[in-house]
There are 2 protein chains.
Amino acid sequence: MSTVDPASAPDAATASAPLGRSERIHAAVLDAAEQVFLRDGYVGASMDEVARLAGASKQTVYKHFGSKEQLFVELVTAMTEATGDPLGHETTDASADPGRDLAALAVAMLDAVLTPRILRLRRLVIGEANRFPELGRALYEHGPARAMAGVERRLSAWVEAGALPEHDVRTSAQHYNWLVMGAPLNAAMLLGDEAIPSPAERRAHAKAAVAALLGSIGAPPLVE
Amino acid sequence: MSTVDPASAPDAATASAPLGRSERIHAAVLDAAEQVFLRDGYVGASMDEVARLAGASKQTVYKHFGSKEQLFVELVTAMTEATGDPLGHETTDASADPGRDLAALAVAMLDAVLTPRILRLRRLVIGEANRFPELGRALYEHGPARAMAGVERRLSAWVEAGALPEHDVRTSAQHYNWLVMGAPLNAAMLLGDEAIPSPAERRAHAKAAVAALLGSIGAPPLVE
DNA sequence: CGAGAACGGAACTGGACAGTCCAGTTCTGG
DNA sequence: CCAGAACTGGACTGTCCAGTTCCGTTCTCG
């Protein structure tokens, strides 16, 4: 018997297990690719530098990812799918206080997106939207589209429960999304990371946005 | 006497004059640079192709613009400054009907930005925001910042004239801007030119945005 | 109409990069 | 402990590109 006790788990259920060499390298290459692509863009990035930064040989990088293009697409889709996921857009937990819930959701959305890493990803995808249209679409679906669908679902639930007046929930969901995200997101796109608002600014911005939305649908204003 | 200054006219007033050879070439190079940079991005663009497309030699291109970087910056700043200019953001012509004016302005803003050419420019600037931060700032100042300042001025005038209730005009101007521009602009950034809304869709979107804004500040709704 | 500036064409330098290949080394699973 | 798979390091190919240089031609302006 080996001293290693290989019987720990023959199944694939071992998530945070020690991780084989191959998986470790795979992850290291993705890490390195993230740094290089987010810094230099797709064309400006060098596969030599990715390999160097990953502590791997170019040969290994190509064995794992096939080509620069495949590595790029794999990286961006992974980051895209991992971003909006933990935001609970799929729930329908309509509480009795729409204003409070909407404000909390707004802050959560801002926190998820207003990160240097995610902003650089977004700049990268927008800049390469000509070359990789499918990446733009993926980011749109996982970002704004999903958020608006989730908000629309919540608004419908509140209307049904009598907590909000009847109104065009689809339009309101869109208005909410851009009242919240429009200004900070576009400022950060063009002005760089130093335009990222502080947590206090985010809370104030979210509160103003929710107040405007509630006013626009004829709902009673946010209670303090 | 210096041999320099071959200026055709002593004054600079000759605008649509026949245009000397040098000016013609200068413009042709800028045209070619626009095509190539907007299509391939900064790094992907080739100066050889710019010269070929301009019908000029590389030597001439470099005589006129010095370097790839200078040509890029000159092109982008020229396009940036030329875009928002004819929108009348500097006027304060507050009529008696804020709703109608705001809706008309919204359509004008959408028409100015939702052009394949301007959208590609915006994608380019965002994608190169790391390499050329000053271009991002310039686009921000000439675009959203100027628009919001103009709207704020109009809102103040209406409040002063009693056509709108008292409210935080700066916040409302920001809300207006992103109610109008947020959805279509970000969709076009990520989804490409086929996501550009039709004129009818723009009018409907503008009307809904203005209705939401008026509601949010407690003003009477838009009259048909 | 003539002189000089500006231009075209084309070759050239120096450097970078994607992707491949190979010989030798290290890890892993049985 | 061993066989085979995976990895390293570096050289190598073919291509592309920014920027320069040279020479002969064309245009412009006085």
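Residue numbers begin at 1 in each chain, while the letters A, B, ... track the order of the sequences. The model shown is predicted, which means the values in this text are computed figures rather than measured ones.
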When all nucleic acid strands are considered with a 4.0 Å heavy-atom cut-off, which category describes [X]: base, sugar-phosphate, or nothing?
X: B:H64; value: sugar-phosphate
X: B:A45; value: sugar-phosphate
X: A:T60; value: base
X: A:A51; value: nothing
X: A:G55; value: sugar-phosphate

Would you mind telling me which of [options] lies closest to the side-chain atoms of [X]?
X: A:Y62; options: C:dG19, D:dG9, C:dC7; value: C:dG19
X: B:D48; options: D:dA18, C:dC17, C:dT20; value: D:dA18
X: B:S67; options: D:dG19, D:dC7, C:dA18; value: D:dG19
X: A:A56; options: D:dA18, D:dT8, C:dA18; value: D:dT8

B:E128 bridged to B:R131 by N-O distance under 4.0 Å |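 Salt bridge: yes.
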Do A:D111 and A:R203 meet the salt-bridge criterion of a basic N to acidic O distance under 4.0 Å?
-> no
Whole-Å gap separating [atom2] ([N]) and [atom1] ([X]):
X: A:E23; N: C:dC27; atom1: CD; atom2: P; answer: 16 Å
X: B:Q59; N: D:dT20; atom1: CD; atom2: P; answer: 10 Å
X: B:F72; N: D:dC17; atom1: CZ; atom2: P; answer: 17 Å
X: A:R24; N: C:dT26; atom1: CZ; atom2: C1'; answer: 12 Å
X: B:E69; N: D:dA18; atom1: CD; atom2: C1'; answer: 12 Å
X: B:K63; N: C:dG9; atom1: NZ; atom2: C1'; answer: 15 Å
X: B:D40; N: D:dC17; atom1: CG; atom2: C1'; answer: 13 Å
X: B:M47; N: D:dG19; atom1: CE; atom2: P; answer: 6 Å

Among B:E49, B:M47, B:R52, which one satisfies side-chain contact (heavy atoms from CB on, under 4.5 Å) with B:V36?
->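 So the option named by the test is B:E49.
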Base of C:dG8 paired with side chain of B:K58 (donor-acceptor, under 3.5 Å) = no
Does A:L179 reach the side chain of B:W178, with side-chain heavy atoms less than 4.5 Å apart?
->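 Contact flag for A:L179/B:W178 side chains = no.
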Between A:F132 and A:Y42, does the ring centroid distance fall short of 6.0 Å?
->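 Centroid distance A:F132-A:Y42: below 6.0 Å, so yes.
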